[in-house]
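Here's the structure we're looking at; comments come further down.
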Amino acid sequence: MTIAPESHSAGAARAGARRLPSTGVLDARRRPLHDLRISVTDRCNFRCVYCMPREVFGRDYAFLERHELLTFEEIERISRAALANGVRKLRLTGGEPLLRRGVEDLVARLAALRTLDGDKPEIALTTNGSALAVKAEALKAAGVDRVTVSIDSLDDALFRRMNDVQFPVRRVLAGIDAARDAGLPVKLNTVVKRGLNDGEILSLAEHFRGTGHVLRFIEYMDVGATNGWSLDEVVPSAEIVAQIHARFPLEPLAPTAPGETAKRWRYVDGSGEIGVISSVTNAFCGSCSRARLSTEGRLFTCLFASEGHDLRALVRGGATDAELTATLADIWGVRDDRYSEIRSSLTPELRADRARIEMSYIGG
Ligand code: SAM
Ligand code: SF4
Ligand code: SF4
C-alpha cells in the first residue's frame with residue numbers, strides 16, 4: 001500500500017509530532033532528530049571488561065543469526081526515512097562495525113542518500129581500531145567522513161587486560177595513523193573507570209596533544225545489566241579536566257553545534273583540544289537528538305530505553321518508504337526520554353530495571 005504525503009503529515013500530527021520544513025520532526029520536549037546511530041553487528045573481537053565481559057559474552061553466548069540482521073538494503077531504507085525526518089548524521093557502530101562483511105558497501109549506499117537540505121549525510125564510524133589499518137582507505141573512498149577510535153590506555157599490559165583478548169595497543173595506534181593517512185579526521189574515545197584506567201588520563205592527554213586528534217574522556221555509564229556498574233567507579237569529568245589542567249593548562253571552548261555531547265576544552269599553548277562527555281555527572285538529555293537502530297532493526301529513542309520499535313517487521317512486512325517515514329515521525333513525536341537527568345533520583349533497583357540494553361547491542 002502506498003501512503004499519500006498528506007497521510008504522512010496526518011500520522012505525525014496524530015502522534016503530536018511537529019515536522020518543520022528543514023529541521024524535520026520534533027519530540028515531545030521539542031528536541032529535533034538529527035543523529036542516527038546504526039549498529040551493524042552485535043559481535044566484537046574484543047571483550048572489554050566494562051562492555052562485553054567474558055563471563056557473559058563467552059563461547060555459548062547467542063549472538064544474532066545472519067537472517068536476523070538488517071540487510072544493507074534495509075538499513076538504507078530506514079536511514080532514508082530517518083533523513084526525511086531531519087537526520088543529518090549517520091554513525092555506524094556495533095559491536096565492532098568493521099567486522100560486518102562489506103561494511104564499505106553499506107557506507108557507499110548511505111553516502112548516496114540526501115538530507116532534507118539536499119546534502120550528503122555526514123557519515124561517521126566508531127571502532128575499536130583493530131581493523132582500521134587495513135580498512136581506512138576503503139572507508140574513506142566509500143564516503144566515511146570521520147572516525148572515532150576507542151582507546152582506553154596506552155600501557156600495553158593494561159590495554160590487553162581491558163580488551164581481554166590480548167590485543168596489543170600498537171595495532172590500534174597503527175590503525176589511527178592509517179585513518180589519518182587516508183585523510184579521515186580522528187577522535188579518540190576513552191572510557192574512564194575508577195581503579196582500572198584512571199591512571200592513564202595524563203599519558204593519553206600527553207600522547208595525543210599536538211597530533212590534531214581530539215581525545216574525549218567518557219564517564220563510565222550504567223548501560224546494560226552485565227558490567228556491574230556502580231557510581232563509585234565513575235570518574236567525574238570535572239576531576240579529569242582538573243587533572244589535565246594542572247599539567248597542561250586548559251581553557252573552555254564554545255560548543256560548535258547544538259546538542260553536542262562533549263564539553264570541549266583547548267590547550268592554552270595551542271596544542272589542540274580535548275572533550276569530556278559527562279553522561280553521569282552533567283546529563284545532556286535536554287539537547288539529545290539521537291536515535292539508535294539496533295542490529296536487528298529495533299529503533300531506540302534513548303540509550304536507556306527498555307524497549308525498541310521493531311522496524312524490521314515493518315520493512316519485511318512490505319511497508320513503503322512513506323509509511324516508514326511516517327512511523328519514524330510518530331515514534332519520535334512522542335519521545336519523552338531523559339534517563340540521565342533522572343538517574344540520580346532512581347533507586348538502584350529501579351536503575352537496574354531501566355538499564356537493560358547492552359552497549360554492545362545498541363552501539364553507544
Ligand atoms: N566497538 C566499537 C568501539 O569500541 O568503539 C563501537 C561500539 S562501542 C559499544 C561504542 C563506545 O561505547 C566505545 O567508545 C566504548 O568505549 C563505549 N562504551 C562501552 N560501554 C560503555 C560504558 N559502560 N560506559 C561508557 N561508554 C561505554
Ligand atoms: Fe567491543 Fe567496543 Fe564493546 Fe569493546 S567497547 S567490547 S570493542 S563493542
Ligand atoms: Fe539521550 Fe537518553 Fe542519554 Fe538522555 S539518557 S542523553 S535522552 S540517550
Salt-bridge criterion met for [X] and [Y] (N-O under 4.0 Å):
| X | Y | answer |
| --- | --- | --- |
| E251 | R266 | yes |
| R77 | E73 | no |
| D164 | R47 | no |
| E273 | R264 | yes |
| E104 | K135 | yes |
| D156 | R160 | yes |

Point to revise | V40 and its side-chain contact (heavy atoms from CB on, under 4.5 Å) partner, picked from T295, I75, L70 | key: I75
Practice item. Among T127, I151, L132, find the residue that satisfies the side-chain contact (heavy atoms from CB on, under 4.5 Å) test when tested with V172. Key: I151
Review point. Taking it one step at a time, do T115 and D117 satisfy side chain to side chain donor-acceptor pair (under 3.5 Å)?
Key: CA-CA 5 Å; T115 67; D117 296 325; 4.8 Å; no
Check your understanding: Just by distance, with hydrogens left out, do R91 and T148 show a side-chain donor and acceptor under 3.5 Å apart?
Key -> yes
**Study point:** Over 12 non-hydrogen atoms of neighbours within 6.0 angstrom of CD in E68
**Key:** yes
Check your understanding: S130 and N128: side chain to side chain donor-acceptor pair (under 3.5 Å), yes or no, with the steps?
Key -> CA-CA 6 Å; S130 58; N128 62 24; 2.7 Å; yes
